[in-house]
> 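Let me begin by handing over the structure; questions about it come next.
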Protein chains: 2
Amino acid sequence: MVQTRSMAKAVQKRTLQTRARLLSVARDLVKTSGYEGLRVEEVVLGAGVAKGTFFAHFRDKDALMEILIGAELDSSLDQAEAGPVPVSIPDMISVMRPYHLCMKQERYVFDLILRYSGAAAIAEIGPIANTLGRYVYLVEEWVKAGSYRTDISPELIAEGVQGFAIQSMSLQFCALHASTTFEDRLKVYWDAWMLPQSPSN
Amino acid sequence: MVQTRSMAKAVQKRTLQTRARLLSVARDLVKTSGYEGLRVEEVVLGAGVAKGTFFAHFRDKDALMEILIGAELDSSLDQAEAGPVPVSIPDMISVMRPYHLCMKQERYVFDLILRYSGAAAIAEIGPIANTLGRYVYLVEEWVKAGSYRTDISPELIAEGVQGFAIQSMSLQFCALHASTTFEDRLKVYWDAWMLPQSPSN
DNA sequence: AGCAATAAATGACCATGGTCAATTTTGGAG
DNA sequence: CTCCAAAATTGACCATGGTCATTTATTGCT
């Protein structure tokens, strides 16, 4: 029988095992040395495979990172989604705390997230771009349920909310702006963005 | 005579020459192969020095990049600063066009700028963090001179303006949001941020 | 079971940024 | 002019991510 496009052979059991082993070892290593300290060589050593095998399973080191970090971000969002809808800005800040903590746990992680926030060039949406999309969607729903400014769409509000979260993290990593904490700064921005108080002119 | 702390020997002429040669070769290479394509080895080959010399002059490759990109950004800002004060949001967009074009000329450049936007960890403010500071200061002055929202400080407005510029660039690099152009998106954000139109609740 | 076709895994090799002990050059003191 | 300490330079070497022709395992067919 001839193979045709629509009849891709099933993935071998071995493949799944190898991949699972690589991921599991990687997760363990991250637990002890952090994301920045992860070395591909240690992963393959721990998984008992050759280096080439790693790159047969993941396009590059970043692709593995995306999977690990994406999963962590997703579970933080699951948590946020499971609870009651936050009804104020301080509420939102506290519901999003685990997610934000995850994003800024390491400078390396934050930089990687930024780099993959816009799905890298091609139309391929990775785990990180995906989780950022979920973030905006979630905030959009919260905005619809609350009372915030009405001159712009909830979606636009939500995009701005995410933008300010990222901006606040950037500033936190900056020596110049270390005096204000992340959440204080976030509150200032979110208040000004979602509840503008004065006439424009 | 004994050397004391306050009498550091003058830098040798040779040092300045070598550094100038490295920078000049690097600039030429960037002109032909772009920032991403720059290789340290090509720079040292072109300058006729050993690899180690490069790293005696620049902490790492990124430090050179910061100098080159920072200079380009600075000259765009000089341009913006030289002209008349923009009196509307479309005006600001057009005055800032060269700067924004520079920032998003290459994905590599944009990522590097983000990475160095908060001066890398230590208190050392590099050329890129510096130029971003200038941007905020410049916008702050423009905001003071114009009529925009008055419920928050001009400085806060200016920080948000920069944040939205970065957010708009991020989205431009994202396949999902390729339908809207950078400047259209920027106008939507800046309008909503600087001239909110409706009561909050 | 035997065989061919495909998938998976291997590891030597490469590319490139970065290090550092050893060497050469420089400028000033005597 | 000579000499020397500090500054500048060198290049062999390292670390690490990534490639690819070759080898090995699996699967479906007869």
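Quantities reported herein were computed from a predicted structural model and do not represent experimental measurements. By convention in this document, chain letters (A, B, ...) are assigned in the order of the sequence lines, proteins followed by strands, and residues within each chain are numbered from 1.
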> Strictly distance-based, threshold 3.5 Å: is any side-chain N or O of B/Thr32 a donor or acceptor partner for the main-chain N or O of B/Leu29?
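At least one qualifying donor-acceptor pair exists.
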> Among residues at least two apart in sequence or on other chains, which ones pass salt bridge (Lys or Arg N to Asp or Glu O under 4.0 Å) with B/Glu36?
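Residues passing salt bridge (Lys or Arg N to Asp or Glu O under 4.0 Å) with B/Glu36: none at all.
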> Phosphate oxygens OP1/OP2 of D/dT9: is one of them under 4.0 Å from a side-chain N or O of B/His57?
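True: B/His57 side-chain N/O within range (under 4.0 Å) of D/dT9 OP1/OP2.
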> Through what angle, rounded to 10 degrees, does the axis of the helix from C/dA1-D/dT30 to C/dG30-D/dC1 turn between its ends, using five pairs per end?
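Its terminal axes enclose an angle near 10°.
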> Under the rule for salt bridge (Lys or Arg N to Asp or Glu O under 4.0 Å), what residues qualify as partners of A/Asp91, not counting sequence neighbours?
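So A/Asp91 forms no salt bridge (Lys or Arg N to Asp or Glu O under 4.0 Å) with any residue.
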> Partners of A/Arg134 by salt bridge (Lys or Arg N to Asp or Glu O under 4.0 Å), sequence neighbours excluded?
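Once residues adjacent in sequence are excluded, the partners of A/Arg134 under the salt bridge (Lys or Arg N to Asp or Glu O under 4.0 Å) criterion are A/Asp74, A/Asp78, A/Glu81.
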> Are the aromatic ring centres of B/Phe164 and A/Trp193 under 6.0 angstrom apart?
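Yes.
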> Can you tell if the side chain of B/Met96 reaches within under 4.5 Å of the side chain of B/His100, non-hydrogen atoms only?
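Yes, close enough: below the 4.5 Å cut-off.
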> Does B/Lys104 use its side chain to pair, donor to acceptor, with the backbone of B/Phe173 at less than 3.5 Å?
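Pair absent, no side-chain N/O of B/Lys104 close to backbone of B/Phe173.
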> Can you check each nucleotide of nucleotides 15-25 of chain D against protein heavy atoms at under 4.0 Å and return B for base, S for sugar-phosphate only, - for none, in 5' to 3' order?
-SBBBB----S
> Under 4.0 Å, heavy atom to any atom of DNA chain C: which of residues 18-31 of chain A qualify?
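Per residue number, the list reads A/Thr18.
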> Between A/Tyr189 and B/Glu159, does any side-chain donor sit less than 3.5 Å from a side-chain acceptor?
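A donor-acceptor contact under 3.5 Å links the two side chains.
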> Check for a donor-acceptor pair, side chain of B/Arg115 on one end and backbone N or O of B/Asp62 on the other, with a separation under 3.5 Å.
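Between the backbone of B/Asp62 and the side chain of B/Arg115 there is no qualifying donor-acceptor contact (under 3.5 Å).
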> Is it true that B/Lys144 and B/Glu140 have a side-chain N and a carboxylate O under 4.0 angstrom from each other?
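Looking at B/Lys144 and B/Glu140, the cut-off is met.
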